[in-house]
Student: 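Structure below; questions to follow.
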Amino acid sequence: MPQLTLTGPPLLPPLLARGALLSPCKSRRLPRTAARQADGRVGRLDRLVLPGVRIDLARLAAYERVCGFPTGEDAVPLTYPHVLGFPLAMRIMSGRAFPLPLLGLVHTSIEITRRRRLPATGEYELTVYVDGLTPHRRGTEAAVVTEVRDTGGECGCDEIAWESRSTYLAQHRVDDAPSLTGDSRRPAAVPLPALAEWRLGADVGRRYGAVSGDRNPIHLHPLGARLFGFPRAIAHGMWTVARCLAEHGTPPAALVRADFRAPVPLPSTVTYAADGRPGGDFELRGTDRRGGQRVHVTGSVYPLIQ
């Protein structure tokens, strides 16, 4: 995989515009493109590296307020490095070499490993790359990996302090194969105890978009959401998991896994539920159109032994 070292973070607006322009052509090539890349290889996509990254403390504080984290902590919230790596991921996924259309991509899961807390005043090196394509029962998933090295810390830049693996789904027609990933036939789980109820305003997507840079139209306004089949704007998946982790708490070294099961419409009322253990399970629940229970996010926190 070729490596490209950047001199500064990519600007998001032109990347999002490029991704939008290329998406119709990529969509027409699906599922033919997916069939050609069924072995999971992604061609000559660059591994992007951005050294010398320092955190904008004002933007960090705004992120913490939007997501419910305490402000002024010495270390950044567990989910914040995803925001730092987002422009690099968009540069890859908006490019011609990335086979899936940017518009319509669905963030389906994230796994985060934090080996130690990252100081807000530290200096970091980011690495982002695509780690292959996987057939899914509803289309094709791409795995995007983000790594953070603490270049100003005692361990130097050779050790990864934080890393994540996100999966993004491009939906298209597929043959009905039982071996594909993403099988919806999951065993029914016992609901976790409800701990809090949150009323989410219609502006949650706009507020999170302003601090994260993710200004996908499905999160900003009902008109943008309707272009993709949603009657209302929906919350960012990364906001939902960040809000849950702000409530749940995480140990200094932790592994977090979260699945985005269903979109959260805005405005709405949701229930945060958890088993009450420091390292345990959590979920975000709402109601469907018939008044039944709908699970939006499920996740788990696992303490890491150093």
Side-chain angles (χ1 to χ4, degrees), residues 1-34 36-53 79-113 124-136 139-149 157 160 162-172 181 209 212-219 228 236-238 241 260:
M1 180 183 296
Q3 178 169 301
L4 177 62
T5 300
L6 306 179
T7 58
L11 296 177
L12 280 169
L15 296 179
L16 296 173
R18 180 177 69 176
L21 289 173
L22 293 176
S23 287
C25 183
K26 291 182 179 182
S27 295
R28 286 193 296 270
R29 291 199 296 260
L30 289 173
R32 189 171 66 252
T33 300
R36 288 202 308 266
Q37 296 177 313
D39 60 358
R41 290 180 294 179
V42 290
R44 291 183 57 81
L45 289 176
D46 289 331
R47 176 192 295 259
L48 299 183
V49 178
L50 179 61
V53 175
T79 50
Y80 191 70
H82 176 87
V83 173
L84 299 177
F86 182 70
L88 281 70
M90 284 299 100
R91 172 161 172 163
I92 295 173
M93 293 194 288
S94 67
R96 293 183 181 277
F98 185 70
L100 306 181
L102 183 63
L103 291 184
L105 274 184
V106 180
H107 196 178
T108 53
S109 73
I110 188 167
E111 178 177 297
I112 299 173
T113 302
Y124 303 100
E125 179 180 275
L126 305 179
T127 301
V128 178
Y129 60 93
V130 176
D131 193 33
L133 303 178
T134 305
H136 186 280
T140 301
E141 273 188 337
V144 179
V145 175
T146 300
E147 300 171 349
V148 179
R149 289 173 171 81
C157 63
I160 298 172
W162 184 101
E163 63 184 316
S164 71
R165 182 183 181 89
S166 286
T167 55
Y168 295 91
L169 172 66
Q171 300 183 67
H172 59 81
T181 62
S212 69
D214 185 354
R215 292 183 171 88
N216 188 320
I218 64 174
H219 304 304
F228 300 93
H236 295 74
M238 284 306 300
V241 72
F260 305 114

Student: Mind checking the OG-CG spacing from Ser27 to Leu22? Nearest 0.5 Å is all I need.
Tutor: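 It comes to 10.5 Å.
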Student: Kindly compute the distance separating CD (Glu163) from OG1 (Thr127), expressed to the nearest 0.5 Å.
Tutor: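 Glu163 CD to Thr127 OG1: 10.5 Å, rounded to 0.5 Å.
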Student: Can you sort out the partners of Ser109 under side chain to side chain contact (heavy atoms under 4.5 Å, CB included), two or more places apart, ordered by chain and number?
Tutor: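 So Ser109 forms a side chain to side chain contact (heavy atoms under 4.5 Å, CB included) with Thr167, Asp259.
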Student: Looking at every heavy atom in both Trp162 and His82, which two are closest together, and how far apart are they?
Tutor: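 So the two residues come closest at CH2-N, 3.7 Å.
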Student: Got a second to check how far Lys26's NZ is from Leu21's CG, nearest 0.5 Å?
Tutor: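 Reported to 0.5 Å precision, the distance equals 11.0 Å.
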Student: Got a sec, which residues hit ring-ring contact (aromatic ring centres under 6.0 Å, His included) with His219, two or more places apart in sequence or on another chain?
Tutor: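 ring-ring contact (aromatic ring centres under 6.0 Å, His included) check on His219 returns His236.
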Student: Drop me the distance from Leu12's CG to Arg215's CZ, to the nearest 0.5 angstrom.
Tutor: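 Answer rounded to 0.5 Å: 8.0 Å.
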Student: Mind checking the OG1-CD spacing from Thr108 to Glu141? Nearest 0.5 Å is all I need.
Tutor: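 CD of Glu141 is found 4.0 Å from OG1 of Thr108.
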Student: Which pairs would a plain distance check flag for residues 85-105, meaning a side-chain donor or acceptor within less than 3.5 Å of a matching protein atom at least two apart in sequence or in another chain?
Tutor:
| from | atom 1 | to | atom 2 | distance (Å) |
| --- | --- | --- | --- | --- |
| Ser94 | OG | Arg18 | NE | 3.4 |
| Ser94 | OG | Arg18 | NH2 | 3.0 |
| Ser94 | OG | Met90 | O | 2.7 |

Student: Counting C-beta onward and ignoring hydrogens, is there a side-chain heavy-atom pair between Thr146 and Pro81 closer than 4.5 Å?
Tutor: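 The answer is no; the side chains never approach within 4.5 Å.
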Student: Give a yes or no on whether the backbone of Ile218 and the side-chain of Asn216 come within a donor-acceptor separation of less than 3.5 Å.
Tutor: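 Side chain of Asn216 to backbone of Ile218, a donor-acceptor pair under 3.5 Å: yes, one is there.
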Student: Can you see which heavy atom on Gly213 is nearest to which on Leu16, and at what distance?
Tutor: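 Smallest interatomic distance, heavy atoms only, reads O-CD1, 4.5 Å.
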Student: According to salt bridge (Lys or Arg N to Asp or Glu O under 4.0 Å), who are the partners of Arg165, at least two apart in sequence or on a separate chain?
Tutor: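 Salt bridge (Lys or Arg N to Asp or Glu O under 4.0 Å) check on Arg165 returns Asp131.
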Student: Just to verify, what does Glu111 make a side chain to side chain contact (heavy atoms under 4.5 Å, CB included) with, not counting sequence neighbours?
Tutor: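 Expected list: Leu255, Arg257.
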Student: Would you indicate whether the side-chain heavy atoms of Gln3 and Tyr129 approach each other to under 4.5 Å?
Tutor: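 Not touching, per the 4.5 Å side-chain cut-off.
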Student: Does His107 have any side chain to side chain donor-acceptor pair (under 3.5 Å) partners at least two apart in sequence or in another chain, and if so, which?
Tutor: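 Only Ser166 meet the side chain to side chain donor-acceptor pair (under 3.5 Å) criterion with His107.
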